[in-house]
Amino acid sequence: LDFVFGTRYNLSKFGQWLSCYIHSDTNGMHEIAGIFSKQSVSLNNSDSIDPYALATDEDDINAYIIPDYQAYFQSLKTNDLEHVKPVLFFETSRGCPWAKCHFCGIDGYNKHHRKMTPDTALRYLSDMMQYADRCSYFIGTDSSMPYEYIKTVFPRLSIPDHVYILYETGVKLTEEEIGVLVENRV
């Protein structure tokens, strides 16, 4: 493993990284904020690097990035792996919504909770459904599903009958809220 792209936003820097690679700019590859390598970690003269401290201010959860899994599905076809039942991942929030547990290391102690607005989340999840003809499971990488989505996103989202959206959630859901999630295939 040579490089790790720290967040969804930093994955969008792949083009910048690839340009450095194509032009044999190895130093440039290691200097892009939010992209980690053995060399970039050692440049910081520290044994423990906080990736959240190195993330840029531009990492806005509402900066819309169109979900594009075409290359992934093409690689399944090219490598004769079309029998594989793919699972696609998505992210609608980051950080911890509770931000008060001192024992928890989820999100690298990132207590700053950010979530997509309901309209952005609806657009993003709707765009994910373009892959429903090839994928039945969509998994949220969020630490916890934003609760307001139960009323503001899922009732407005068109989810095919064979598709399931999986989210981690807290235990405070009411019976009515669970009913909304079940009805909307979440």
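Note that the CZ atom of F154 and the CD atom of E183 stand 13.0 Å from one another [nearest 0.5 Å]. Between atom CD of residue E91 and atom CD1 of residue I139 there is a gap of 14.0 Å, rounded to the nearest 0.5 Å. A distance of 9.0 Å separates CZ in R134 from CG in L88, rounded to the nearest 0.5 Å. Atom-to-atom distance recorded for I61:CD1 and T117:OG1 is 10.5 Å, nearest 0.5 angstrom. From M29, atom CE reaches atom CG of N27 across 10.0 Å, with rounding to the nearest 0.5 Å. The distance from the OG1 atom of T26 to the CD atom of E31 is 9.0 Å, given to the nearest 0.5 Å.
Annotation: side chain to side chain donor-acceptor pair (under 3.5 Å) contacts involving residues 152-164, sequence neighbours excluded, comprise D119-R156, Y164-R185.
Note on V84 and V87: separate hydrophobic clusters, where clusters join Ile, Leu, Val, Met, Phe, Trp and Tyr whose side-chain heavy atoms are under 4.5 Å apart, directly or indirectly. In terms of hydrophobic clustering, with Ile, Leu, Val, Met, Phe, Trp and Tyr side chains grouped at heavy-atom distances under 4.5 Å, I178 and V186 are assigned to a common cluster.
Between I150 and P155 the shortest heavy-atom distance is O-CD, 3.2 Å. Between Y131 and P67, the shortest heavy-atom distance links the atoms OH-O, 3.3 Å. For P146 against Y167, the heavy-atom pair with the smallest separation is CD-CE2, 4.3 Å. Between N79 and S75 the shortest heavy-atom distance is ND2-O, 2.8 Å. Nearest heavy-atom pair across V163 and C135 is CG2-O, 3.8 Å. Residues T120 and M116 come closest through the heavy atom pair CG2-SD, 3.9 Å.
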So K172 and Y147, side-chain contact (heavy atoms from CB on, under 4.5 Å) or not? Walk me through it. CA-CA 10 Å; K172 69 178 189 175; Y147 286 102; 3.3 Å; yes
Audit row: Y69, F90, ring-ring contact (aromatic ring centres under 6.0 Å, His included) steps and yes/no: CA-CA 11 Å; Y69 290 95; F90 64 90; 9.8 Å; no
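The local environment of OH in Y21 is sparse, with at most 12 non-hydrogen atoms from other residues, nucleotides or ligands closer than 6.0 Å.
Look at E148 and K151 and you find no salt bridge, because none of the NZ, NE, NH1 or NH2 atoms lies under 4.0 Å from a carboxylate O.
You'll find the side chain of L125 stays beyond 4.5 Å of the side chain of F138, heavy atoms only.
Within the cation-pi definition used here (under 6.0 Å to the ring centroid, within 45° of the axis), K115 does not qualify as a partner of Y149.
With I165 as the partner, the side chain to side chain contact (heavy atoms under 4.5 Å, CB included) test is satisfied by one option alone out of N184, L181, L157: L157.
Qualifying side chain to side chain contact (heavy atoms under 4.5 Å, CB included) partners for Q74, counting only residues two or more places apart in sequence or in other chains: K77, T78. With sequence neighbours excluded, the residues that form a side chain to side chain donor-acceptor pair (under 3.5 Å) with S93 are D142.
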